[in-house]
Amino acid sequence: MGLRAVRSSALVSTLGMSAVLGLTLVLAGCASAGTVRVLATPGYPWHTDIVATTFWVGELFDPSASDGSQVYSTYDSLWQESYGGCDGIVVDTVCQTERRFAADDYFPTSMTPAENPFYLDLPFDDINDDAAFARRDAVVPWAGDPGYAEHAGDRTFSYLKNRWVELRLGDRTCFAQIQDAGPGEYDDAAYVFGAGDARPQNARYGGAGMDVSPAVNACLGFRDLNGDTDRVSWRFAENNEPPPGPWTRLITTSGVQ
């Protein structure tokens, strides 16, 4: 299968539904015994025990780095403007993060976002990284699907922007949309799309394999508002998979700009 995701429909057609259910129970039992790390959900493969740091629209964490500002994203050169402003609170002209609350759907407390506050990044930039763009049709599992196949070779269209991701931490499950690339790496296809639970190539920021928004941070119950010790499990999700929740209150549909 290479880097393609193993899809549940193919597994069901090969083994039969009863066999799949049995396999799911076996894997789940092994996971609880500590012998393997498998989450029993059909569809795209799970990536487990991944360090997730927090970023937010409007953050400026390293002025000397080319990727040190969240005023813009790899997919949106006007990200802060598109979002509606600083996704947090402005203190002495600096956009800072803030604690979010379930009673407010984890939305920002001091501004009204124009896009989904449940967002994240993954280290595969299929627009601006030359190597990633060159092979995105070979490694992105949905590259051949309607809505994507017709954009082969189109550098103004991202296969990743706005895609849904399911995230789990302990007994909490949340969903978010991809709106940027990183952290630290931009062509880590083996980790992002692989079915073997590969570790991220990135060695910075605690070896993080993704950044998540303040809304996702709070939804999953991170210990730190802006740390590098929280670990999550995640997988890609189809557009019809996220159940109604705070993440579907405002869905981002904007394209690359």
Side-chain angles (χ1 to χ4, degrees), residues 1-15 17 20 23-24 27 37-50 52 74-75 116 118-168 173-183 185-202 209-212 232-243 247 251-253 255-256:
M1 296 296 288
L3 295 176
R4 297 278 180 173
V6 178
R7 307 299 296 277
S8 60
S9 57
L11 187 61
V12 170
S13 63
T14 302
L15 300 178
M17 180 59 75
V20 171
L23 177 61
T24 295
L27 292 177
R37 295 178 300 174
V38 176
L39 297 176
T41 304
Y44 295 104
W46 281 96
H47 308 264
T48 63
D49 198 33
I50 301 298
T74 195
Y75 304 123
N116 193 351
F118 286 79
Y119 55 83
L120 75 157
D121 65 14
L122 288 173
F124 191 84
D125 180 354
D126 75 320
I127 293 293
N128 298 297
D129 186 282
D130 291 338
F133 175 76
R135 62 177 178 151
R136 68 177 187 174
D137 288 302
V139 299
V140 178
W142 53 87
D145 292 352
Y148 296 91
E150 57 268 36
H151 289 284
D154 180 1
R155 207 152 190 168
T156 67
F157 182 88
S158 170
Y159 292 0
L160 275 80
K161 188 180 189 301
N162 302 332
R163 289 291 300 198
W164 285 100
V165 169
E166 179 180 359
L167 304 104
R168 292 181 181 178
T173 297
C174 306
F175 290 80
Q177 293 181 274
I178 299 171
Q179 298 301 337
D180 199 3
E185 299 288 337
Y186 301 93
D187 184 26
D188 192 355
Y191 156 61
V192 175
F193 304 113
D197 203 9
R199 300 297 88 189
Q201 291 179 1
N202 175 49
M210 65 166 56
D211 296 304
V212 301
V232 305
S233 295
W234 71 271
R235 72 176 186 100
F236 291 112
E238 298 288 5
N239 287 339
N240 62 352
E241 289 189 77
W247 44 80
I251 297 175
T252 302
T253 60
V256 172

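Computed from a prediction, not measured in an experiment: that's the story for all the values here. Hydrogens, waters and symmetry mates play no part in the numbers below; they use all other heavy atoms, side chains included.
Side-chain atoms of N116 come within 3.5 Å of backbone N or O of W247 as a donor-acceptor pair. In terms of modelled atom types and a separation under 3.5 Å, the side chain of D125 and the main chain of A181 share no donor-acceptor contact. Without hydrogens or angle criteria, D188 side chain to Q201 main chain gives a donor-acceptor distance under 3.5 Å. With Y191 contributing its side chain and G209 its backbone, the two residues share a donor-acceptor pair below 3.5 Å.
Every residue was checked against the ring pair (Phe, Tyr, Trp, His ring centres under 6.0 Å) condition with F133, not counting sequence neighbours, and none meets it. Evaluation of the side chain to side chain donor-acceptor pair (under 3.5 Å) rule for Q179 yields K161, N162 as partners, not counting sequence neighbours. Partners of D130 under the side chain to side chain donor-acceptor pair (under 3.5 Å) rule, at least two apart in sequence or in another chain, are R155.
With no hydrogens or angles considered, no side-chain donor-acceptor pair links N202 and E185 at under 3.5 Å. Side-chain contact of Y148 with D137: a donor-acceptor pair under 3.5 Å is absent, judged by distance alone. A donor-acceptor contact under 3.5 angstrom links the side chains of T48 and D197, judged on distance only. No side-chain donor from either of E166 and Y44 sits under 3.5 Å from a side-chain acceptor of the other.
F157 places none of its side-chain heavy atoms less than 4.5 Å from the side chain of D126. Within the 4.5 Å cutoff, the side chain of I50 has no heavy atoms near those of the S233 side chain. No side-chain heavy atom of D211 sits under 4.5 Å from any side-chain heavy atom of L120.
Ring centers of F124 and F193: under 6.0 Å apart, within the cut-off.
R168 forms no cation-pi arrangement with W234, by the criterion of a distance under 6.0 Å to the ring centre and an angle within 45° of the ring axis.
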